[in-house]
Visitor: 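Quick one: the structure is below, questions incoming.
Labels below follow one simple rule: chain letters A, B, ... track the order of the sequence lines, proteins then strands, and each chain is numbered from 1.
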2 protein chains.
Amino acid sequence: MKKKYYCSLHFTMDLIGNKWKPLVLFHLLNGPLRSGVLQKTIPGISNKMFTQTVRELERDNLVSRKVYPVVPPKVEYQLTETGKSLEAILKELDNWGKNLMS
Amino acid sequence: MKKKYYCSLHFTMDLIGNKWKPLVLFHLLNGPLRSGVLQKTIPGISNKMFTQTVRELERDNLVSRKVYPVVPPKVEYQLTETGKSLEAILKELDNWGKNLMS
DNA sequence: ATACTATATTACTTTTTGGTAAGTTATTGC
DNA sequence: GCAATAACTTACCAAAAAGTAATATAGTAT
């Protein structure tokens, strides 16, 4: 570990504490998605931010990236086991928002 | 609501989807804290970011702010009912990080 | 040979975030 | 009357994040 964390929540926030990562992970809960499909499930995310977000999630071993050697390219993203371990939390966050919005 | 959300998780992330807010909320789980004490529980947060974070949490009704009319000033922050409803999630996020770090 | 496809990457600019340091307040204690 | 106190607030600047638009790739279909 490069950085020192004063508590484990701090570590968690460094991994998924931004706006887009939980959304990307959430949309992968039902199984792998092609890059383009995943991106379209998240209106408002720019091309650049999408790529950057999945790159970081891949680096942190929360999603895996599978490239099919075809043309035009086909790339699929799916949750790793670590990513899947966030399932309950992601659904609770979604539900919490649902209750609060209504 | 000003913004349109395409899913409730998006709404959640707009409320608490940054690095500091979950940390502030987490440290208030055990009860109200004075401003200075709360700030010191979060090493690395600057004065400005701290103030800004609690202001936004207050605006969004996740924490309440109680000012005691004394000199020097005394200000306490505590979770609102809405803030408390995040307790389980915050603890799970902390635990998730704990497992992953070790 | 040109256009089309999906998935990026890059350069450039704008916007947002964050840090530092100084100032504010109003009373008490010296 | 001056310093000390807690909790800000502000101005200024630097750094980081994010948006836009152009470009790359390499087969296949026209």
Visitor: Quick one, L29(B) and K91(B) - any side-chain contact, counting heavy atoms below 4.5 Å?
Guide: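 With C-beta onward as the side chain, the pair touches.
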Visitor: Does any non-hydrogen side-chain atom of I89(A) lie less than 4.5 Å from one of L93(A)?
Guide: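 Yes. Closest side-chain heavy atoms under 4.5 Å.
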Visitor: NA contact type, T51(B), heavy-atom cut-off 4.0 Å: base, sugar-phosphate, or nothing?
Guide: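 The answer is base, as T51(B) lies within the cut-off (heavy atoms under 4.0 Å) of a base atom.
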Visitor: Between dA8(C) and R55(A), is there an OP1 or OP2 to side-chain N/O distance shorter than 4.0 Å?
Guide: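 So the side-chain polar atoms of R55(A) do come within 4.0 Å of the phosphate oxygens OP1 or OP2 of dA8(C), strictly under.
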Visitor: Hydrophobic cluster membership, with links at side-chain heavy-atom distances under 4.5 Å among I/L/V/M/F/W/Y: are V67(B) and V71(B) in one?
Guide: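 Not linked; separate clusters.
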Visitor: If the cut-off is 4.0 Å, is R34(A) near the phosphate of dA6(C), judged by side-chain N/O to OP1 or OP2?
Guide: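 The answer is no; no side-chain N or O of R34(A) sits under 4.0 Å from OP1 or OP2.
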Visitor: Is it the case that the side chain of T53(A) and the backbone of K21(A) share a donor-acceptor pair, with hydrogens and angles ignored and the cut-off at 3.5 Å?
Guide: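 A pair under 3.5 Å: no.
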Visitor: Which residue lies toward the 5' end of DNA chain D, P72(B) or M49(A), if each is placed at its nearest nucleotide?
Guide: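 Going by which nucleotide is closer to the 5' end, it is P72(B).
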Visitor: Can you give me the first and the last nucleotide of DNA chain D (5' to 3') that has an atom within less than 4.0 angstrom of a non-hydrogen atom in chain A?
Guide: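 Contacts span dA18(D) to dG27(D), reading 5' to 3'.
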Visitor: For the pair made of CD in Q52(B) and P in dT16(C), what is the distance, rounded to whole Å?
Guide: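 It is 13 Å, rounded to the nearest whole Å.
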Visitor: With respect to the phosphate group of dA8(C), does any side-chain polar atom (N or O) of Y77(A) fall under 4.0 Å of OP1 or OP2?
Guide: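 Answer yes for this pair, as a side-chain N or O of Y77(A) is under 4.0 Å from OP1 or OP2.
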Visitor: Quick one: does any side-chain atom of T12(B) pair with a main-chain N or O of D94(A) as donor and acceptor, under 3.5 Å?
Guide: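 No, T12(B) side chain to D94(A) backbone: no donor-acceptor pair under 3.5 Å.
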Visitor: Using whole Å, report how far NZ of K74(A) lies from P of dT7(C).
Guide: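 Roughly 9 Å, once rounded to whole Å.
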Visitor: Hey, can you tell me if F11(A) and Y5(A) have their rings parallel, tilted or perpendicular (30° and 60° cut-offs)?
Guide: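 If you compare the ring of F11(A) with that of Y5(A), the planes turn out perpendicular.
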Visitor: Starting from the 5' end of DNA chain D, give me the residue, W20(A) or F50(B), whose nearest nucleotide shows up first.
Guide: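 The answer here is F50(B).
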